Amino acid sequence: MDWNKLAEALIPDENVKDLEYYEKQYPQRDLPQGAQVTRLAPSPTGFMHLGNLYVALANERIAHQSGGVFYLRIEDTDEKRKVEGAVEVIHTSLKYFGVAFDEGADLCGEYGPYYQRQRAEIYHAYAKDLIKRGLAYPCFCTEEDLEKTREYQTENKLLPGYYGEFAKCRTLTEEEIYENLRAGKPYVIRLRSQGDVEVKHTFRDEVKGEITVTENNQDVVILKSDGIPTYHFAHAIDDHFMRTTLVIRGEEWLSSLPIHIELFKTLGFRLPKYGHNCSIQKIDGETRRKLSKRKDPEASLTFYREQGYHPGAVRTYMMTLLNSNFEEWLLKFPDKPLDEFKYSISKMGKSGALFDILKLNDISKTYMSKLSEEETYDFLKAWADEFGSDAQKAYFADKEYLLKVLALCMGIGGKKRRKDFICAKQAVETIGYFFDETFSPKYAYKFDKATLTKILTDFQTAYDYKDDCSAWFDKVKAVAEQNGFATDMKAYKANPEGYPGNVSDVAEILRIATTGLSNTPDLWTIMQILGEERVFARLQKATACL
RNA sequence: GGCCCCAUGGUCAAGCGGUUAAGACACCACCCUUUCACGGUGGUAACAUGGGUUCGAGUCCCGUUGGGGUCACCA
């Protein structure tokens, strides 16, 4: 058979150049010893998964820690999944979490184009070469043909797929091929696999360690009928020419590793290092499963923006999942920048971690508690501008007032900072009672109406806005005493049955009456911030509502 | 189903043949406290299972079970 002629007939691409051209066009990178070139290669579906961030962070850390390069490549070979504006979503959502690329799609870089669709010429050049070498061939099988063999294979408990005797088009004669071509039948280009499934090799995976891989024997499709490469083929060519040294990717790729190994080998490329990380899981009733884009809102990166989780907190949480010794480091150096942590692939977990929002919340609380009130103001404002209600947006009109509220809720000036804020959404909601528009109390007291009325009126007659904190509390105590409540905690504890309650109960009643909540920061300060008029208004309202 | 990966408390996890089996989150109790928090102290709670190897096994080997992944002209 005339392979050269066949190659020309199959792939009539005029742009194709000699293979040496591409090697020269994309030379080895001039990088210091040990520098790693890594990448993120998502498909532009418009959806960014938490897993994308997870794997992006791992690759980014490795590259930048080693003085290497981290780039973005867009795997847009699947027409059906392509979504407009998806690349922008990738950039903006990753940037929000502090992941920045050195080069790649929509950025500069010498190793582009970084969109696979724009790289057709290179793929064609190599597919052609493979055909010329007799290592690839056209396949005219239809979907039904493939379906039939698959059925036969499963029925007979044979390895499914296109290989050996089942690879019908592998043995097509020259005449048959040209006849099909003349008939205008669509075709794909398949690899003529040289592998043998009986042969197993041990392979060193950077995260899993030694694993066994079976040789590939599938005549996988390398070029689809529209001339666009499949993932496998594009992966081999792109990561070779973009000079990737290390590929950290999800473990769903582990099973196609044999294909990639064979492809790199037959193309004459040096295999990069691989690390396959486990996917983040979630507990769903009784079973764990991968975080699902469809079922779990927290799988989407937009979820964290909508909720207003601080990007730094999400990043920190990701790091705890990413590296087992990270938390220990964080405990030791709570105020160092995250990038100073020495990340290592070998410390990546071998089993899939369960997503734990409680843990994220805890990390977020400590993270938020380290911000200044100005920073918090800016952060909350940015969130409210995008996601808040009109009433919430209005909070930010009076900055001075809001700053006072934030300082109180954050415990600024106190011995220890409070940890009331988890995310912007929750924070903005919890300060709602400071604003009349959003003050919608659901009074839930533990005492009867008569007691409550008495206490509230007693306090109203005693309260003086000008009182300082201790004078104010003396009055609370006085109100407690007037109503038979204990003011001496020791006495109360010794005989809890002897009193209707104690000072803390009185304080709680006042707290609920003025804020609608039983859980708020220091009441005296709240009243100071609210202002005399509003305090009385609220106490009256509360009394009226009894 | 075949192939591959994984297996320590409810969760994240230290551990690399000899430990009273760390730590963090969550939960509970107590302390601090005028209230709410923060903080502090303590507590409940784990090596999936059966065989080996070894003086000795969470750690090494094999089986079982369980979980996950994957078997496309999707990535």
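Both backbone and side-chain heavy atoms feed into the values below; hydrogens, waters and symmetry mates do not. The shown structure was predicted, so the numbers you read here are calculated from the model rather than taken from an experiment.
- Of all nucleotides listed (B/A37, B/U34, B/A13), B/A37 comes nearest to the side chain of A/R418.
- Across B/A72 and B/C12, the matching C1' atoms stand 36 Å from one another, rounded to whole Å.
- Applying the side chain to side chain donor-acceptor pair (under 3.5 Å) definition to pairs two or more places apart or across chains, those involving residues 321-334 of chain A are A/E327-A/K359.
- Anti is the conformation of B/C47, whose glycosidic angle sits further than 90° from 0.
- Counting any heavy atom pair closer than 4.0 Å across all strands shown, A/K347 reaches sugar-phosphate atoms only and no base atom.
- For A/N519, the side-chain atoms get nearest to B/C36 when compared with the rest of B/C36, B/C3, B/G39.
- The list of ring pair (Phe, Tyr, Trp, His ring centres under 6.0 Å) pairs with a residue in residues 216-236 of chain A, not counting sequence neighbours, reads A/Y231-A/H235, A/Y231-A/W253, A/Y231-A/H260, A/H232-A/H260, A/H235-A/H260, A/H235-A/F264, A/H235-A/Y274.
- Nucleotides B/C38 and B/C30 place their P atoms 16 Å apart, quoted to the nearest Å.
- Contacts of A/S518 with the nucleic acid, taken as non-hydrogen atoms under 4.0 Å apart, involve only primed sugar atoms and P, OP1 or OP2.
- No donor-acceptor distance shorter than 3.5 angstrom exists from the side chain of A/K208 to the backbone of A/E251, with no hydrogens or angles considered.
- To the nearest whole angstrom, the two C1' atoms, one in B/C60 and one in B/C16, are 11 Å apart.
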Given salt bridge (charged side-chain N to carboxylate O under 4.0 Å, His left out), test A/E147 with A/R150 step by step and report yes or no. CA-CA 5 Å; A/E147 184 57 38; A/R150 197 174 312 131; 3.0 Å; yes
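- Under the 4.5 Å side-chain criterion, counting only non-hydrogen atoms from C-beta, A/D145 is not in contact with A/F140.
- Under the rule for a side chain to side chain contact (heavy atoms under 4.5 Å, CB included), the partners of A/Q482 that lie at least two apart in sequence or sit in another chain are A/D458, A/A478.
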Each base of RNA chain B marked ( ) or [ ] if paired in-strand (Watson-Crick or G-U under 3.5 Å), | if paired to another strand and . if unpaired gives ((((((((.[[[..)..(....]]].(((((.......)))))....[[[[[..)....]]]]])))))))....
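- No salt bridge links A/R418 with A/D522; every basic N to acidic carboxylate O contact stays at or beyond 4.0 Å.
- Pairs engaging residues 152-170 of chain A under the side chain to side chain donor-acceptor pair (under 3.5 Å) rule: A/R170-A/D219 [sequence neighbours left out].
- Nucleic acid contact for A/L159: none, since no nucleic acid atom lies under 4.0 Å from a heavy atom of the residue.
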Please encode protein proximity along nucleotides 67-75 of chain B as a string of B, S and -, counting only heavy-atom distances under 4.0 Å. SSSSSSBBB
Can you tabulate the close N/O pairs, meaning under 3.5 Å, that link protein atoms to atoms of nucleotides 19-25 of chain B?
from  : atom 1 : to     : atom 2 : distance (Å)
B/A24 : O2'    : A/E327 : OE2    : 3.0
B/A24 : O2'    : A/K359 : NZ     : 2.9
B/A24 : N3     : A/K359 : NZ     : 3.3
B/C25 : O4'    : A/K359 : NZ     : 3.4

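- In this structure, the side chain to side chain contact (heavy atoms under 4.5 Å, CB included) partners of A/K82, at least two apart in sequence or on a different chain, are A/P44, A/D76, A/R117.
- Within the structure, every pair that satisfies the ring pair (Phe, Tyr, Trp, His ring centres under 6.0 Å) test and touches residues 343-364 of chain A, not counting sequence neighbours, is listed here: A/Y317-A/F355.
- Between A/N325 and A/W524, the one whose closest nucleotide on RNA chain B sits nearer the 5' end is A/N325.
- Comparing B/G9 with B/C47, their P atoms are spaced 7 Å from each other, to the whole Å.
- Between B/G23 and B/G15, the distance separating the two P atoms is 15 Å to the nearest Å.
- B/G58 and B/A13 are spaced 14 Å apart, taking the C1' atom of each and rounding to whole Å.
- Comparing the C1' positions of B/G18 and B/A75 gives a spacing of 49 Å, expressed to the nearest Å.
- A/D522 comes within contact range of at least one nucleobase, with a heavy-atom separation under 4.0 Å.
- For the C1' atoms, the distance linking B/A37 with B/C4 amounts to 50 Å, nearest Å.
- In this view, A/K419 satisfies the salt bridge (charged side-chain N to carboxylate O under 4.0 Å, His left out) rule with no residue, not counting sequence neighbours.
- Taking only side-chain atoms of A/I211, from C-beta outward, the nucleotide of B/C38, B/C5, B/U35 with the closest atom is B/C5.
- Applying the side chain to side chain contact (heavy atoms under 4.5 Å, CB included) rule to A/V405 yields the partners A/Y401, A/L402, A/C409, A/I431, A/F434, A/I529; only residues at least two apart in sequence or on another chain are considered.
- Applying the side chain to side chain contact (heavy atoms under 4.5 Å, CB included) rule to A/R417 yields the partners A/S369, A/M410, A/I412; only residues at least two apart in sequence or on another chain are considered.
- Nucleotides of RNA chain B nearest to A/C278 and A/K157 differ in position, and the one nearer the 5' end is that of A/K157.
- In this structure, A/K475 reaches neither bases nor backbone, as no heavy-atom distance under 4.0 Å exists between it and the strands shown.
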